[in-house]
Amino acid sequence: MHGAPYWQTTPYTIPIGIGSLLFVVLAASLFRRRTERRLVPGATLGALLLVASGLWMGTYALELSVTDFSTKVLLNQLGYVGMAPLPLLWFAYVTRHAGVKLNSRAAWVALGSVPVAVVALVVTNPWHGLIWTDLWVDADHGYAVLVNEHGVAFDGFIAYAYALILLGCGVLGRTLLRADGIYRKQTLALLGGGLVPAVGGVVCVAGLSPVPGLDLPVLAFSVTSAAVAWSVFHHRLFTLVPVAWESAVESMHDAALVLDGDGRVIDVNPAGERFLSLPLSDAYGQSVARVLPTELVDALGGVPTAGSEAEATLTTEDGERALLVETTPLGDESDMSGSLVLVRDVTERVERERRLERQNERLDEFASVVSHDLRNPLTVARGYLELAAETGDAEYFERIENAHDRMETIIEDLLTLARQGETLTDVTPVALRTVAQEAWDGTVVGDATLDVRVDRTIAADRGRLRQLLENLFRNAVEHGSHGGSLTVVVAGVDGGFTVEDDGSGISEAERADVFERGYTTHENGTGFGLPIVKTVADAHGWSVELTESDAGGARFEFTGVETEPEPANAEQSTND
């Protein structure tokens, strides 16, 4: 080769050089995404695999480009630094991709010792000739190609390499049978990346190469590099690796979806399939806006661009469900490669919170009711106590005792209602006339008269019904009499009963507010009387409407009441 130019061009230099550059650029991109490597197991292995491939291809492209024998030999030796660990890196990445765990550290050490030994033998080959026994330059095809006469150690390395390649292809083949969507495409890319150079190696080792000395596996890698690059950009190869997906994510009760940077569906676990509007096979690669319900897309804010958390309400076959939608970016904030979306059903938690909120509201209301309803029997007891002190009449002490019993009943009944919730289930037939009279007798009525014009039995909680009537009677006396005589009438209507008076009434403008807790027009009023009436009616499942009576007073009409028109004679004879 004396006198020949130092540089030459070959048909293979450019494709091999481009393939090398592609691998190095992709590897640099993976190494740069440090946050993503922590989130995506196997990305470091993938980057090392690309570096080794790029180094081998790059040194061989340079080897083809020079004509000097010693430079070719040096570049050939450097190429082994990339070629020797390549089969092991490929096998390690394949097993990680497929989720196959090889926990034997000794086995990995043994496998890793082979590339180290090969590189050491390459460096020391002039002393033993185990890697190659002879080297020369062949220029029969118009360009100088370095030809190797391989030694026994090289043949051993080839056996080692093809054993790992075949094992890896077997693992990928098994994975391919049960993979779908983006994982199937990733697996196919890896399988092609292993098989194409392997076939080229077989042709080369068998001496069937059309150009003696041309490294066909490296040339095959130039084709593989394009396929790998395509898979990296379109299938997220090496960046979204499904390593722990089957063992962790697919067993989750929460729905999990992986989206790429453009909001397209990469994968969905079984729990997430129920939210898809398309079959799973058709959903892969589709925009999230096309495959998820509008409620979930709105919670995501369209295409996720950062971590977020939002709530959504979705109507399903199981009824209305409350969902918590959490988005976690895959990659760092400056370079997101995708998102992990978790959809949790928090219906039970939301219902517990609502029940607790309602319970707290009721407890607050009950505390107010207790103080309000106890006022009347306390006033009665105080009045009879003064009379008893003046006269010494034992009859007054008995009435004081009755007032105390009434206070105790109010407290016990309110506690029972607080524990049972808003709806009463323990109702019995009750004589409306009898309970109305009892409520009237337990109320400080002043110059007022009760007129009961109904003889019927209704289904009610006796204590709650008396509480309702007492509050209505007290409201009529306190707000309607204005110092004059007052008549309160209890009458029957279809499906219920009415309580009305002939007092000053309640203006139409105020009727919408009187059932609100704390609202009152009386100077000494507490604003709890009519809200208590509404609460008791709701607990029974009754409807209450406030209108004006024929005499111009207030009229409260209760409907939705289970009634019996026949008088409860036995109970009336006992209590009337």
Side-chain angles (χ1 to χ4, degrees), residues 19 23 26-27 30 37 40-57 79-122 153-179 183-202 204-205 215 217-218 220-221 223-225 227-228 231-232 235 237-239 241-247:
F23 280 143
L26 292 175
L30 284 184
R37 289 207 311 274
V40 185
T44 300
L45 269 177
L48 291 174
L49 176 62
L50 293 173
V51 167
S53 303
L55 178 61
W56 183 25
M57 296 175 67
Y80 275 91
V81 176
M83 182 183 68
L86 194 57
L88 179 60
L89 290 172
W90 185 81
F91 178 72
Y93 185 81
V94 162
T95 55
R96 178 69 69 88
H97 171 86
V100 176
K101 294 183 179 180
L102 299 179
N103 296 321
S104 175
R105 180 173 296 182
W108 284 113
V109 170
L111 291 173
S113 65
V114 175
V116 175
V118 167
V119 172
L121 290 175
V122 167
F154 181 84
D155 293 338
F157 172 71
I158 291 297
Y160 158 86
Y162 275 86
L164 291 180
I165 290 172
L166 291 176
L167 284 173
C169 289
V171 170
L172 289 176
R174 189 191 67 172
T175 303
L176 195 62
L177 293 176
R178 52 191 176 88
Y183 297 158
R184 175 179 289 272
K185 295 173 183 178
Q186 288 182 347
T187 303
L188 282 172
L190 286 173
L191 192 58
L195 285 176
V196 173
V199 172
V202 171
C204 186
V205 172
D215 198 331
V218 179
F221 257 114
V223 177
T224 301
S225 65
V228 170
S231 190
V232 166
H235 306 148
L237 183 63
F238 303 125
T239 56
V241 185
V243 177
W245 182 265
E246 291 186 4
S247 60

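Keep in mind it's a predicted model, so treat the numbers as computed, not measured.
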Passing candidate, side-chain contact (heavy atoms from CB on, under 4.5 Å) with S53, options L48, L86, L89: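 One option only clears the test, and that one is L86.
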Test item: I165 and C169 side chains (from C-beta on) under 4.5 Å apart, heavy atoms: yes
Atom of P85, atom of V81 and distance for their closest heavy-atom approach: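 Heavy atoms of P85 and V81 come nearest at CD-O, 3.1 Å.
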Minimum heavy-atom distance M83-F157, with the two atoms named: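 Shortest heavy-atom contact: O-CZ, 3.9 Å.
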Residue list, side chain to side chain contact (heavy atoms under 4.5 Å, CB included) with L111, at least two apart or on another chain: L88, W108, Y160, L164
